[in-house]
Amino acid sequence: MGVMKCLVIFALLSIGSQTAAQVKAKDSTTLMAEFTTVTGATGYIIRIENNANFFREDEVSSSPALLGSLEPYTAYTLSIMSKNADGRSQPSTSVEGKTVLPPPVLTTSSPSNDSIIASCSNVTHAVSYSIAAHKFGINNTVIVNTTSPSQTIDGLDAGSLYIVFAYAWDAEGRKGEAAVTNQTTRPPTPADIGATVVWSDDVAGLNVSWSMGQPVHGAVSYHVTVANSTLQCNSTSSPCTLTPVVCGETYVIQVTAANNAGPSYPSDPLVFMSFPCPPENLEVEETEAGNCTLSWNSTLYADMYKAFIKRDDGVEVNCTTTSTSCDFTCLCGYTYLMDVFAYNEAGSSPEGMTLNYTTLPCCPEDVSVSLVSTETLEITWLPVRGAMLYETRAMDTAETIVCNDTSPMCVLSDLTCDSTYNVKVIPCNEIRGCNRTCRPHTKDTAPCMPEDLRVDSLSGAENSFSVSWTANNSAANYTVEAVGQGSLITCTSASDSCSISNLPCGTEYQVTAIASNSAGQSLPSYTVDLETAPCCPENLTVEQVTMAMTNVTWSHARGAHTFITSLTSSRGHARCHTQDSHCLMGCITCGTNYTVGMEAFSRTGHMSMCSYQGFSSSACCPSGIKLYRLANNALRVYWRSSGGNYNYTVEMSGTANYTCTPPAGQTSCDISNVQCGDVYHVTVAPVMPAGDNVDFCPQRMYSVTCTGNNVGMVIYRGKRSVN
């Protein structure tokens, strides 16, 4: 920009006859004199005077000449003299010149981006002022004429350099010396404010950008502020980063540009919602097996959410939603790591809490429950995912039995017989606990062992027994087994007794009862010994030993330990109790019919009644036996009969033996041709119906003497038993 000057035009003056001069004011302290040079002059002397006794002579070499250090707005008289070596000439005719008003003291400022305030100090003798602002580099000048020494110049370009001129006008209409200064208008208001989130070392910031809309002169600085916050940043160019920025906040951002003139108007506020905070209170609810819902608290300023769900085997799923929950498939026995991010236009929330969720271990589906003994269950299964421990529970109406093991099998013993158990295998781990939703498996234990087994004989049935027991089972069939001497006899019943019949005599059995149903068999009951009545001897012989004694013998009888043999008649009876297979029985009445019976007893007291063919004792031995001598060497044997019409036989033995058999009913018998002089044994015995002689009748001893050649006297010598 050129400088506007206040010019004072002086009239041409005549300086002597030899030179013409004119004087004009160059500025408030300088006059410029122009004159005609003189031939031969080597220099010139200009004399300056004023009415205040100011006097000064300046030597100049040529025209024009500047005469400085003068007083502002003062009239001076000038005369010019030429000089050379010979001296100086006479002064020319004087001329007058007057300096202009001094420049005001000019101060400027830019109160806004399109105005400049120019303030001038009061200049003495000034009647008005002119203030001009010229934009640097552009032919564009704004001039304001005013009587006030201070003026605001509007309509300027923002952020531009202006050259400001100010000068006073005197009463003669002369423009005084100008004061010049440079003034920059304030920068324009930043526009197009934008903000984006940037991250550095996990610290969020707002990258604030703007534009100025036009070129700006000189150095400009920018100041970014946030309302109601100490958050700010300064920059010499766009953008500028505000740090730290937190989630879930609303920032009211303004940008102010500043240069040496001052700050611009703040930009229009930019309302910026920062990225949302991480969702909190992540929770997982397993609504049903295999279906989970991840939920969280809503987050301020969040437009949507994105959940990332990663399974521990590397499988990852995600879901995007505007709600605060997300459904996903959660298989049993896995651990899931879950993160939820909130989003809005500013971006994603920082990483929040990671939820570690472990689903319940899987339920075994191949559970096998088997009854390995009457009251023991064996449970086996294949290992399942996520299980570190298995809790096996067997529960009936009265008790619960628990088995904990890390192995996929369990044996539950000491269960209650004849019970239905719900068996459940519950997988557990340390993180989640136990999955108690696994379905139960039903298994019945075997029936209870029959108790109080009893064996009773059935009345009226030989070797038949009723076996009874206490039945503690709800429903069972019972089998009774009698085992003895290589044979097995059974009976079955659905109640509490059954019968076994026609067992062989003299046999010992071990009797047990077993209950059974679809679950299996019970333990056998405690064994009860069963002993049938002993067998009767097949052969029994009664042999009469003496007239009053018999010898009874019999064959072996299985199972018999002792015997009571009896001979019973109306005339009395005889009994014999023995372990032997024979028995001598006295007190037998001769000539009597006896009923022969036997009671055979086992070791435990079981008895069999045995009946045999009757026994008839022999006729009684006769008494009163006497010998009478007859003629012709004959003897008569006489006796008294014991009753009954019996046949008798007489035997007489000595050196010679003699017999006779009288007719039935007779009580004497004659023996002829008896040799005398000998001792004879005489036996009279009844003849048994079978024709056998009774051999237990006593013998009588007689001496038969001779009288000459004939039988003499018969002398009784006594008697003795035949044995």
Side-chain angles (χ1 to χ4, degrees), residues 3-38 40-84 86-107 119-132 145-150 165-181:
V3 178
M4 301 297 295
K5 299 181 179 180
C6 296
L7 300 179
V8 179
I9 307 299
F10 291 93
L12 294 178
L13 301 177
S14 171
I15 304 175
S17 59
Q18 79 268 21
T19 184
Q22 65 178 1
V23 178
K24 59 183 177 181
K26 180 170 177 56
D27 54 37
S28 63
T29 60
T30 304
L31 292 176
M32 183 176 67
E34 294 184 11
F35 52 88
T36 303
T37 59
V38 177
T42 59
Y44 302 92
I45 298 171
I46 300 176
R47 181 177 293 165
I48 306 170
E49 297 175 273
N50 66 9
N51 296 331
N53 297 319
F54 175 81
F55 178 83
R56 190 182 78 191
E57 289 183 344
D58 291 347
E59 290 187 9
V60 299
S61 60
S62 63
S63 172
L66 294 177
L67 306 173
S69 301
L70 304 177
E71 292 295 328
Y73 198 64
T74 301
Y76 291 91
T77 299
L78 279 64
S79 58
I80 300 173
M81 294 172 284
S82 60
K83 73 171 185 172
N84 58 17
D86 295 331
R88 61 171 71 178
S89 69
Q90 289 295 320
S92 66
T93 303
S94 62
V95 295
E96 288 187 357
K98 189 176 183 180
T99 55
V100 297
L101 294 173
V105 177
L106 177 63
T107 59
S119 297
C120 300
S121 60
N122 287 320
V123 177
T124 305
H125 308 297
V127 295
S128 65
Y129 300 89
S130 291
I131 300 173
N145 295 316
T146 179
T147 59
S148 171
S150 179
F165 302 88
Y167 44 87
W169 293 89
D170 58 20
E172 292 89 6
R174 294 186 310 152
K175 182 171 61 177
E177 184 178 350
V180 181
T181 187

Is the shortest side-chain heavy-atom distance between [X] and [Y] below 4.5 Å?
X: E177; Y: P72; result: no
X: T146; Y: S128; result: no
X: S69; Y: R56; result: yes
X: Y73; Y: D170; result: yes
X: L78; Y: F35; result: no
X: T30; Y: T99; result: no
X: V123; Y: P102; result: yes

Of the non-hydrogen atoms in [X] and [Y], which two are nearest, and what is the gap between them?
X: L31; Y: A25; value: CD2-CA, 3.5 Å
X: A168; Y: A126; value: CB-CB, 3.4 Å
X: Y76; Y: F54; value: CE2-CD2, 3.7 Å
X: V23; Y: A33; value: CG2-CB, 4.2 Å
X: D27; Y: T29; value: OD1-N, 2.9 Å
X: M81; Y: P91; value: CG-CA, 3.3 Å

Got a second to check how far [X]'s [atom1] is from [Y]'s [atom2], nearest 0.5 Å?
X: Y129; Y: L101; atom1: OH; atom2: CG; answer: 8.5 Å
X: R88; Y: I80; atom1: CZ; atom2: CD1; answer: 13.5 Å
X: T74; Y: N51; atom1: OG1; atom2: CG; answer: 10.0 Å
X: S94; Y: I48; atom1: OG; atom2: CD1; answer: 13.0 Å
X: E49; Y: E57; atom1: CD; atom2: CD; answer: 8.5 Å
X: F55; Y: N50; atom1: CZ; atom2: CG; answer: 11.5 Å

Answer yes or no: are there more than 12 heavy-atom neighbours, outside E172 itself, under 6.0 Å from its atom CD?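 Above 12, so yes.
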Within 45° of the six-membered ring axis of Y44 and under 6.0 Å from that ring's centre, is NZ or CZ of K83 located there?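 So K83 doesn't make the cation-pi contact.
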Check the side chains of S89 and S82 for a donor-acceptor pair under 3.5 angstrom, ignoring hydrogens and angles.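 S82 vs S89: donor-acceptor pair found between side chains.
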Does the side chain of T42 pick up a donor-acceptor pair with the side chain of N84 at under 3.5 Å?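 There is no such pair between these side chains.
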May I have the step-by-step check of side chain to side chain donor-acceptor pair (under 3.5 Å) for S119 and S150, ending in yes or no? CA-CA 4 Å; S119 297; S150 179; 3.1 Å; yes
